[in-house]
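Taking it in order: structure first as structure tokens, then the write-up.
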Amino acid sequence: MRLHKVYHRFSLLSLSSPPSLPLLHHSPRPLSYSFLSIKPHRSLPIPRHSRTTVKSIKSMTTSRLHNIVPINAVAAEDGGGTVSNGAVSSSSSSPPAATSDEDSESPVGYRLPPSELIDIVDAPPLPALSFSPQRDKLLFLKRRSLPSLSELARPEEKLAGVRIDGKANTRSRMSFYTGIGIHRLLDDGTLGPETEVHGLPDGAKINFVTWSNDGKHLSFSVRRDEEDNNTSSKLTVWVADIETGYARPLFQSPDIYLNAVFDNFVWVDNSTLLVCTIPLSRGDPPKKPLVPSGPKIQSNEQENVVQVRTFQDLLKDEYDEDLFEYYATSQLVLASLDGTVNPVGPRAMYTSMDPSPDEKYLLISTIHRPYSFIVPCGRFPKKIDVWTTDGKFVRELCNLPLAEDIPIAFNSVRKGMRSINWRADKPSTLYWVETQDGGDAKVEVSPRDIIYTQPAEPLEGEQPRVLHKLDLRYGGISWADDSLALVYESWYKTRRIRTWVMSPESEDVKPRILFDRSSEDVYSDPGSPMLRRTPAGTYVIAKVKRENDEGTYILLNGSGATPSGNIPFLDLFDVNTGSKERIWESDKEKYYETVVALMSDENEGDIDINQLKILTSKESKTENTQYYMQSWPEKKTCQLTNFPHPYPQLASLQKEMIRYERKDGVQLTATLYLPPGYDPSRDGPLPCLVWSYPGEFKSKDAAGQVRGSPNEFAGIGPTSALLWLARRFAILSGPTIPIIGEGNEEANDRYVEQLVGSAEAAVEEVIRRGVAHPNKIAVGGHSYGAFMTANLLAHAPHLFSCGIARSGAYNRTLTPFGFQNEDRTLWEATNTYVEMSPFISANKIKKPILLIHGEEDNNSGTLTMQSDRFFNALKGHGALSRLVILPYESHGYAARESIMHVLWETDRWLQRYCVSNTSDASAELDGCKDNVSKGSTDSDSKAVGATGGGVLEMTDLEHGRFHPLQRSSL
């Protein structure tokens with residue numbers, strides 16, 4: 001069974017993230033295809049610093065940007081894998097036949113869920129937004145609907161941790177925009193009429209939208225679906241005039257196509273782009289030999305210690321190496337708006353191109369042989385050079401060898417130069433970091449990292465200058481000017497994070513610590529510096545001046561975590577004295593507001609506090625996010641957007657942030673959602689769905705802190721648990737399940753015990769409130785949340801009537817070199833690996849469990865085989881279970897057919913084994929509580945829970961994504 005079929009395996013034999021630093025918007029350039037989702041609770045990627053980025057990313061120091069996107073791209077699906085643009089409306093492509101029959105136990109094709117769910121998922125998606133560099137125009141980027149399964153079924157090559165659409169020569173499964181609308185920002189703060197970008201071919205799929213530095217042009221890629229087969233055309237580069245909206249191809253020749261496997265294109269100046277193109281003389285892809293030239297051999301006769309996580313889509317043989325090189329090799333071309341085209345540099349596998357702020361130099365990164373069969377391309381040998389912007393070689397900065405041996409311990413890094421970038425406050429000055437511990441976090445050494453700086457073209461004999469030495473792991477720099485920069489360092493094991501303030505050009509002024517705190521302690525978070533755009537298009541710390549005051553002031557934008565929920569703020573902070581003044585704060589009663597961006601940085605120099613302008617967002621429990629412009633000194637507010645409610649049928653849903661306590665005294669929180677019009681005294685207890693995700697902490701106090709706001713709008717994605725509010729369920733969303741390891745204790749050594757303790761406290765709370773029927777409580781989760789679900793059904797069967805586990809990993813012996821936040825190996829912590837694995841406890845699972853998994857899951861650790869083998873173990877013990885394998889789907893589910901079927905499967909499971917459950921939970925509860933509360937060391941009675949500190953079970957930061965900083969934690 002392949003296209004348009006879902007695999008069902010059903011047994012009815014028995015009826016019984018390394019966490020990383022906070023989001024630092026000064027960070028080195030990440031992938032050009034990063035994006036920000038419209039869904040409000042998603043962690044955001046770190047934007048690139050170069051001129052190609054837009055206002056909406058670089059100066060934002062908040063992680064709640066909703067629709068605001070850095071429009072240097074729309075992303076391909078990554079290891080974390082959800083629909084990349086967050087769109088939620090129906091597909092325009094013809095789906096395979098689907099039925100909404102109430103039930104069936106035979107595989108008869110894709111199904112449709114009840115209309116209450118379809119109507120929400122098929123709601124029209126809202127546009128993404130982006131401001132021009134001069135803040136005078138705003139783009140509305142039109143989103144598409146959910147893709148059809150036929151799009152996911154297109155051929156793709158899985159090479160070196162990257163999935164490639166060979167026909168289009170880009171990442172496969174890329175989302176796209178369908179149109180671009182341009183609005184002028186009027187003097188009164190409102191938006192003018194829309195000018196539609198026109199001249200595009202019918203059915204154009206738009207990616208990588210990028211402003212020129214002067215704000216007069218947009219560049220983007222265009223592709224179309226081929227009419228004769230289920231493929232996409234190659235990408236062409238287009239430019240649009242902002243004043244007229246007219247768009248045209250950049251290249252006059254129809255034979256020049258974009259190679260977007262890695263980087264794509266970048267504005268070198270206001271009239272010239274540097275483009276990665278497919279070499280004109282490339283020819284056809286290599287053909288796989290019918291007869292291999294020999295066996296596949298890997299050797300470690302040198303007895304090297306090489307430990308790697310469970311990467312997927314790796315190279316397998318010489319043919320794969322040739323094919324990867326074929327698709328990844330580009331020819332760089334300088335293309336001017338007047339039609340001039342000049343090839344520059346040799347053909348190579350270019351992974352990034354970064355112009356210097358003064359537009360005189362290019363920082364060019366390439367990868368090359370020898371490749372590896374055990375790590376993805378992010379660890380392949382990497383060469384970084386400096387060129388002039390007309391393509392002439394200046395010098396080689398480094399040529400890093402293959403990095404198969406990066407230790408698995410958190411905070412371990414690659415040897416040699418890393419995080420090489422241009423200083424944002426200088427015309428053409430480089431800075432980078434070099435590890436002093438060999439990249440091994442387990443090595444004790446001081447300093448651990450050294451930051452160096454050097455001009456692009458140093459004088460003869462001029463050595464790199466040491467800028468700062470760090471004892472923790474380097475995490476980035478926010479530049480302001482010669483007198484001010486902020487340097488960040490952190491250490492995962494202790495959760496320590498420090499911010500240094502320094503004068504980059506004053507060697508007689510010693511760096512000093514500005515903030516020294518625990519990354520888990522959200523209550524003490526002082527906020528992040530707001531960044532302003534420079535005339536060169538880079539972003540630096542915004543310095544603020546006050547009348548008759550010589551202090552050095554910056555703006556700190558914080559989430560404002562408090563015991564009653566987040567109350568975002570903007571502080572005016574004196575770097576020299578540490579004093580601060582709160583100049584803006586979110587409404588506390590009804591609304592949740594955030595500072596999204598600084599809007600008064602169009603002029604060079606310090607910003608006058610009386611001329612401050614900021615972009616804010618505003619939402620409530622029932623009102624979706626809108627954007628406002630606020631101006632000082634009167635703090636006059638103008639509303640910019642008026643988006644309709646995406647699902648008016650749930651506009652009056654009830655939301656409450658609740659607090660309760662675990663038996664060991666740890667304070668827990670959760671968000672309780674109730675259907676519109678529900679009255680517990682009138683309607684009685686409801687069936688309840690608990691959806692969560694555990695997280696690790698080093699302290700009980702930090703684990704008990706409140707994260708989030710009761711006034712945030714309830715964003716509902718295509719597979720969100722909140723959809724079941726429309727089916728009259730109570731939803732307990734994100735109950736904290738902290739797995740705590742204080743001091744030298746490893747958190748996972750008491751995983752099961754803490755998991756069950758947290759789940760018990762959550763269930764007891766919703767029962768105590770009278771909103772959940774004790775016999776009708778289901779539990780579910782995705783990825784590490786699926787792992788949690790299976791463990792709870794094994795070790796706390798008295799709590800739940802059934803479970804839904806999506807895209808999980810259930811046997812930790814299949815991820816022997818670490819998983820999630822566990823960096824010990826299977827052989828170092830054998831008992832922990834075994835006791836945490838629900839696969840080992842499959843004989844204890846007696847409650848119905850629904851397993852769902854994408855057939856093409858590319859996430860590190862969560863191979864589809866995990867669900868397959870777990871189901872066989874369950875079936876071998878007569879467990880009531882069902883396995884659904886979704887063809888062509890990855891770690892998250894994208895196609896409309898797949899999503900609708902997942903909703904049908906989930907709703908069927910909940911109606912049959914939760915709503916209709918008649919077993920007596922109270923008897924089970926009384927019988928099982930004693931066993932759990934005894935604190936036995938046996939895995940039968942252990943349990944765990946927590947959300948907040950964990951990192952998604954996702955692909956390693958080196959998984960071909962070239963992130964210069966580690967991924968943000970959830």
**Prompt:** Donor-acceptor pair, His782 side chain versus His891 backbone, under 3.5 Å?
**Reply:** yes
For this session: Before giving the answer on salt bridge (charged side-chain N to carboxylate O under 4.0 Å, His left out), spell out for Glu623 and Lys590 the whole-Å C-alpha distance, their side-chain angles and the decisive distance to 0.1 Å.
Result: CA-CA 10 Å; Glu623 300 172 52; Lys590 179 181 178 181; 3.3 Å; yes
One pair to check against side chain to side chain donor-acceptor pair (under 3.5 Å): Ser524 and Arg517. What are the steps and the verdict? CA-CA 7 Å; Ser524 70; Arg517 49 183 290 271; 3.1 Å; yes
Sorted by chain and number, sequence neighbours left out, salt bridge (Lys or Arg N to Asp or Glu O under 4.0 Å) with Asp664 holds for Arg662
task: Could you tell me whether the side chain of Asn791 and the main chain of Met836 form a donor-acceptor pair under 3.5 Å?
output: yes
**Q.** Short side-chain to backbone donor-acceptor contact, Asp571 and Ile583, under 3.5 Å
**A.** no
Correct closest heavy-atom pair for Ala786 and Arg806 would be CB-O, 3.3 Å
Exactly one candidate in Thr736, Asp521, Thr562 meets side-chain hydrogen bond (donor to acceptor under 3.5 Å, both in side chains) with Gln705; the answer is Asp521
Between Leu689 and Ala721 the two heavy atoms that sit nearest each other are CD2-CB, 3.8 Å
Rounded to the nearest 0.5 angstrom, the OH-NZ distance for Tyr673 and Lys621 is 10.0 Å
When rounded to the nearest 0.5 Å, the distance separating CG of Leu674 from OG of Ser652 is 11.5 Å
Looking only at heavy atoms, the pair that brings Ala805 and Tyr810 closest together is CB-OH, 3.3 Å
For this session: Answer with yes or no whether the side chains of Thr625 and Ser617 bring together a donor and an acceptor at under 3.5 Å.
Result: no
I'd like to know if the side chain of Thr789 and the backbone of Gly785 have a donor-acceptor N/O pair within less than 3.5 Å. yes
Check your understanding: Step by step, would you call Ile477 with Tyr488 a side-chain contact (heavy atoms from CB on, under 4.5 Å)?
Key -> CA-CA 6 Å; Ile477 302 180; Tyr488 308 90; 5.7 Å; no
By side chain to side chain contact (heavy atoms under 4.5 Å, CB included), Ala702 pairs with (sequence neighbours left out) Glu520, Phe697, Ser699
Heavy-atom nearest pair, Ile767 first then Pro774, reads CD1-CB, 3.7 Å
Residues at least two apart in sequence or cross-chain that pass ring pair (Phe, Tyr, Trp, His ring centres under 6.0 Å) with Tyr678, listed by chain then number, are none
Distance col, row Leu570:CG vs Gln630:CD, nearest 0.5 angstrom, shows 9.5 Å
For Phe410 and Asn821, the nearest pair of non-hydrogen atoms, with its separation, is CE1-O, 3.1 Å
Would you sort out whether Thr862 and Asp857 count as a side chain to side chain donor-acceptor pair (under 3.5 Å), showing the intermediate values?
CA-CA 7 Å; Thr862 55; Asp857 193 329; 3.2 Å; yes
Test side chain to side chain contact (heavy atoms under 4.5 Å, CB included), reference Leu732, set Thr671, Ile777, Leu672, output is Leu672
Original post:
Is Lys618 positioned over the aromatic face of Tyr591, cation under 6.0 angstrom from the ring centre and no more than 45 degrees off axis?
Top reply: yes
Hey, does Tyr592 have a side-chain heavy atom less than 4.5 Å from the side chain of Pro568? yes
Over 60° means perpendicular and under 30° means parallel, so tell me whether Tyr784 and Phe787 are parallel, tilted or perpendicular. parallel
Sorted by chain and number, sequence neighbours left out, side chain to side chain contact (heavy atoms under 4.5 Å, CB included) with Val706 holds for Tyr523, Met657, Arg659, Thr669
query: Are Glu742 and Lys698 ion-paired here, with the side-chain N under 4.0 Å from a carboxylate O?
result: no
* Is His645 reaching over with its side chain to a backbone N or O of Leu650, donor-acceptor style, under 3.5 angstrom? -> no
Residue set satisfying ring pair (Phe, Tyr, Trp, His ring centres under 6.0 Å) with Trp500, at least two apart, ordered chain then number -> His468
One should read off an interatomic distance between Leu556 CG and Phe569 CZ, to the nearest 0.5 angstrom, of 7.0 Å
### Ionic contact status for Glu745 with Arg750, cut-off 4.0 Å
yes
Distance col, row Thr815:OG1 vs Gln820:CD, nearest 0.5 angstrom, shows 10.0 Å
Open item on the list: Is there a side-chain contact between Leu668 and Glu661 in this structure, where contact means two heavy atoms from C-beta onward sitting under 4.5 Å apart?
Closed with: no
Looking only at atom types and distance, does a side-chain atom of Gln639 sit under 3.5 Å from a main-chain N or O of Thr641, one as donor and one as acceptor? yes
Exercise. Does Arg473 use its side chain to pair, donor to acceptor, with the backbone of Asn411 at less than 3.5 Å?
Worked result: yes
Is the cationic atom of Arg812 (NZ for Lys, CZ for Arg) positioned less than 6.0 Å from the six-membered ring centroid of Phe819 and within 45 degrees of its normal?
yes
Check: Given side chains that start at C-beta, do those of Val595 and Trp584 come closer than 4.5 Å, heavy atoms only?
Finding: yes
Check: Are any side-chain N or O atoms of Ser490 and backbone N or O atoms of Ile497, one a donor and one an acceptor, separated by less than 3.5 Å?
Finding: no
ask   = Do Arg769 and Glu765 sit within salt-bridge range, that is, some charged N less than 4.0 Å from a carboxylate O?
value = yes
Are Ser518 and Arg496 close enough that some pair of their side-chain heavy atoms sits under 4.5 Å apart?
no
Sorted by chain and number, sequence neighbours left out, side chain to side chain contact (heavy atoms under 4.5 Å, CB included) with Leu640 holds for Phe131, Leu185, Leu191, Leu615, Met629
- Query: Would you call the rings of Tyr627 and Phe643 parallel, tilted or perpendicular if under 30° counts as parallel and over 60° as perpendicular?
  - Reply: perpendicular
side-chain contact (heavy atoms from CB on, under 4.5 Å) between Ser528 and Asn557, intermediate numbers included = CA-CA 5 Å; Ser528 301; Asn557 182 13; 5.7 Å; no
query = How about Pro646 and Asn624: do any of their side-chain heavy atoms sit closer than 4.5 Å?
reply = yes
Exercise for review: Would you indicate whether the side-chain heavy atoms of Ile120 and Pro718 approach each other to under 4.5 Å?
Suggested key: no
Heavy atoms of Ala703 and Val666 approach each other most closely as CB-CG1, 4.3 Å
| task | Using the side-chain contact (heavy atoms from CB on, under 4.5 Å) rule, take Leu531 and Leu598 through it: C-alpha gap first, then chi angles, then the decisive distance, then the call. | result | CA-CA 7 Å; Leu531 304 182; Leu598 188 63; over 6 Å; no
Whether Ser478 side chain and Ile541 backbone form a donor-acceptor pair below 3.5 Å:
no
| said: What verdict does the side-chain contact (heavy atoms from CB on, under 4.5 Å) test give for Tyr474 and Glu489, after you've listed the backbone C-alpha separation in whole Å, the side-chain angles of each residue and the deciding distance to 0.1 Å? | reply: CA-CA 4 Å; Tyr474 167 83; Glu489 63 174 341; 5.8 Å; no
| query | When you measure from the side chain of Glu822 to the backbone N and O of Arg824, does any donor-acceptor pair fall under 3.5 Å? | reply | yes
Rounding to 0.5 Å, atoms OG1 (Thr832) and CG (Asp749) come to a distance of 3.5 Å
